[in-house]
Amino acid sequence: MAQDMTEKELLKMELDQLKKEVKNERQMVSKTGKEIKEYIESMAGEDPLLKGVPEDKNPFKEKGGCTIS
Amino acid sequence: MCDQTFLAVVFGPCDKCSKEKPLRAVYIKSEQLSYCSLCVEMMATEGLHENETLASLKNEAESLKGKLEEERAKLHDVELHQVAERVEALGQFVMKTRRTLKGHGNKVLCMDWCKDKRRIVSSSQDGKVIVWDSFTTNKEHAVTMPCTWVMACAYAPSGCAIACGGLDNKCSVYPLTFDKNENMAAKKKSVAMHTNYLSACSFTNSDMQILTASGDGTCALWDVESGQLLQSFHGHGADVLCLDLAPSETGNTFVSGGCDKKAMVWDMRSGQCIQSFETHDSDINSVRYYPSGDAFASGSDDATCRLYDLRADREVAIYSKESIIFGASSVDFSLSGRLLFAGYNDYTINVWDVLKGSRVSILFGHENRVSTLRVSPDGTAFCSGSWDHTLRVSAGSTCLGCFFSVMV
């Protein structure tokens, strides 16, 4: 538990973690960013909050109607 | 003849090094021991040594952090918004509050959607947990917890149970029953036990396991049936405030955020932290995976939201404005991941264009801090909970005469 650890123990935990992370494999942002962009573009057509939904298909449309006479 | 004083010296095995030497009496924690003069010297310098060790650990940590930054910078060849330069900008954004759920007696702290895209569970400072039908606004179930500040709640994947907890340091599961004669509280099952408050909880892919985050600095995975601890996750240096499970296709990982300003990605099976990110300037209140699982967003008390790309292993976008000075409490993506919704302590909800980094809409309506925000499972609406005791379900609108959102 972090709350029970001394400053030294917390530092040691952080150090061990950092030593592991320096060895992680990484890819270029130009490649991964492009993949994020492509994912969005492929899904954008089905995103109701992005494209909007016609009122009659919207499950949260207003209840009841009003008549104008 | 003068009187002579003789110093009696005990000769024997040293209590520390066991060598046969002249011994001196030392007192350690009120216990008397006999040390040789060499060990006495070493003990005296140990105090000094302790401080040196702390300082050298700090130095080592700083230099490793520097090295990690260097390695990450090598792959930072371009910014996300540059990659998205040719993507069409977003047009007019009109959102409207469609439902207001009233019934909590105090601050709403957490909410979650049911997989049926219709039901919502919410929890409050007054100890009540309510299940709503968001289409009709009817309350279907209500239970009173034995503690106040129920900071976490979650819907089970089957829709047949809910989990919640807070200042009781536990996470409890309540099966949902439609039998009017049954008392929901009677079937309560205590699953998780932490040594400090429960800040977040989530079922995994089934009703059988729950993941929890706590003020005690740890996250944990529990078996619901037996209450057994399956795995614990140590690494945060302070309270853990939030967690989110990776979308099931991307495997067994989850991300957590804490008061140590770190976001950490964990392997659920081994308990190991795979990656960690420390770029926020304050507590991380909310983390949410990007729909594809390759990235996650965070919201923090430093008034910014950030996007972290897991394969590039770095922060790739910051969503902030000079005019936004209050902390972001809760974030979630729209279905495609193009929009990031974030609730803030200044009572507003900002909608960000994830690719371009710009804000595309502000939503007003809540009369106090927005504490929790989730997009519905099919992406048609999002629900926000607030310290103003209400929850609001908002969705897009094709009507233009709406007063609740502004294009910025």
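Letters A, B, ... mirror the listed sequences (proteins, then strands); counts begin at 1. Predicted model only: the values in this text are computed from it and were never measured.
Considering only heavy atoms from C-beta on, B/Ser336 stays 4.5 Å or farther from A/Tyr39 through its side chain. Side chains of A/Leu50 and B/Leu90 form a contact here, defined as non-hydrogen atoms less than 4.5 Å apart. B/Phe333 has its side chain out of reach of A/Ile40: every pair of non-hydrogen atoms, C-beta onward, lies at least 4.5 Å apart. Annotation: side chain of A/Thr32 is not in contact with side chain of B/Asp294 (no heavy-atom distance under 4.5 Å). Side-chain contact between B/Asp378 and A/Pro48 is absent, with no heavy-atom pair separated by less than 4.5 Å. Side-chain contact between A/Val29 and B/Leu80 is absent, with no heavy-atom pair separated by less than 4.5 Å.
In terms of heavy-atom pairs under 4.5 angstrom with chain B, the leader among A/Glu35, A/Glu46, A/Lys12 is A/Glu35. For chain A, the option among B/Gly215, B/Gly217, B/Pro291 with the highest count of heavy-atom pairs below 4.5 Å is B/Pro291. Among the candidates B/Gly237, B/Cys273, B/Ser134, B/Ser394, the residue making the largest number of heavy-atom pairs closer than 4.5 Å to chain A is B/Cys273. Contacts with chain B were tallied for A/Glu7, A/Lys23, A/Lys51; A/Glu7 has the most, counting heavy-atom pairs under 4.5 Å. For the options B/Val87, B/Val393, B/Asp313, heavy-atom pairs under 4.5 Å to chain A are most numerous at B/Asp313. Counting heavy-atom pairs under 4.5 Å between each of A/Met43, A/Arg26, A/Met13 and chain B puts A/Arg26 at the top. Listed options B/Gly258, B/Gly235, B/Ala295, B/Ala84 were ranked by heavy-atom pairs under 4.5 angstrom with chain A; first place goes to B/Gly235.
B/Ser376 contributes atom OG, which lies 6.0 Å from atom CZ of A/Phe60 (distance to the nearest 0.5 angstrom). The distance from the NZ atom of B/Lys58 to the CG atom of A/Leu15 is 12.0 Å, given to the nearest 0.5 Å. Here A/Ser30 contributes atom OG and B/His76 contributes atom NE2; the two are 10.5 Å apart, rounded to the nearest 0.5 Å. The structure places CG of A/Leu11 at 10.0 Å from CD of B/Glu60, a figure rounded to the nearest 0.5 Å.
Looking at A/Ile36, the atoms closer than 4.5 Å to chain B (heavy atoms on both sides) sit in the backbone and in the side chain alike. Interface residue A/Leu10: only side-chain heavy atoms are found under 4.5 Å from chain B. With a threshold of 4.5 angstrom between heavy atoms, B/Arg72 approaches chain A through its backbone and through its side chain. Heavy-atom distances place both the backbone and the side chain of A/Lys34 under 4.5 Å from chain B. Residue contact with chain A, scored on non-hydrogen atoms closer than 4.5 Å, involves the backbone and the side chain of B/Asp216 alike. Residue contact with chain B, scored on non-hydrogen atoms closer than 4.5 Å, involves the side chain of A/Glu41 exclusively. Residue contact with chain A, scored on non-hydrogen atoms closer than 4.5 Å, involves the backbone and the side chain of B/Thr195 alike. Proximity to chain A is limited to the backbone of B/His236, based on heavy atoms less than 4.5 angstrom apart. Proximity to chain B involves both the backbone and the side chain of A/Lys19, based on heavy atoms less than 4.5 angstrom apart. Using a 4.5 Å cut-off between heavy atoms, B/Glu69 does not touch chain A at all. With a 4.5 Å cut-off on non-hydrogen atoms, A/Met28 touches chain B through its backbone and its side chain both. Neither the backbone nor the side chain of B/Ser214 comes within contact range of chain A; no heavy atoms are under 4.5 Å apart. With a threshold of 4.5 angstrom between heavy atoms, B/Ala381 approaches chain A through its backbone and through its side chain.
Here the shortest heavy-atom pairing between B/Gly337 and A/Asp47 reads N-OD2, 4.4 Å. Minimum heavy-atom separation, B/Leu57 to A/Lys8: CD1-CG, 3.7 Å.
A salt bridge does not link A/Glu25 to B/Arg311: none of the charged nitrogens lies less than 4.0 Å from a carboxylate oxygen. The pair A/Glu14-B/Lys262 meets the salt-bridge criterion, since a charged nitrogen lies less than 4.0 angstrom from a carboxylate oxygen.
At most 12 heavy atoms of other shown residues, nucleotides or ligands fall within 6.0 angstrom of atom NZ in B/Lys117. Surrounding NZ of A/Lys37 are more than 12 heavy atoms belonging to other residues, nucleotides or ligands, all under 6.0 Å away.
Checked by atom type, the side-chain pair A/Glu21/B/Ser276 shows a donor-acceptor distance below 3.5 Å.
Exactly one of B/Val375, B/Thr380, B/Val351, B/Leu335 qualifies for a side chain to side chain contact (heavy atoms under 4.5 Å, CB included) with A/Leu49. That residue is B/Val375.
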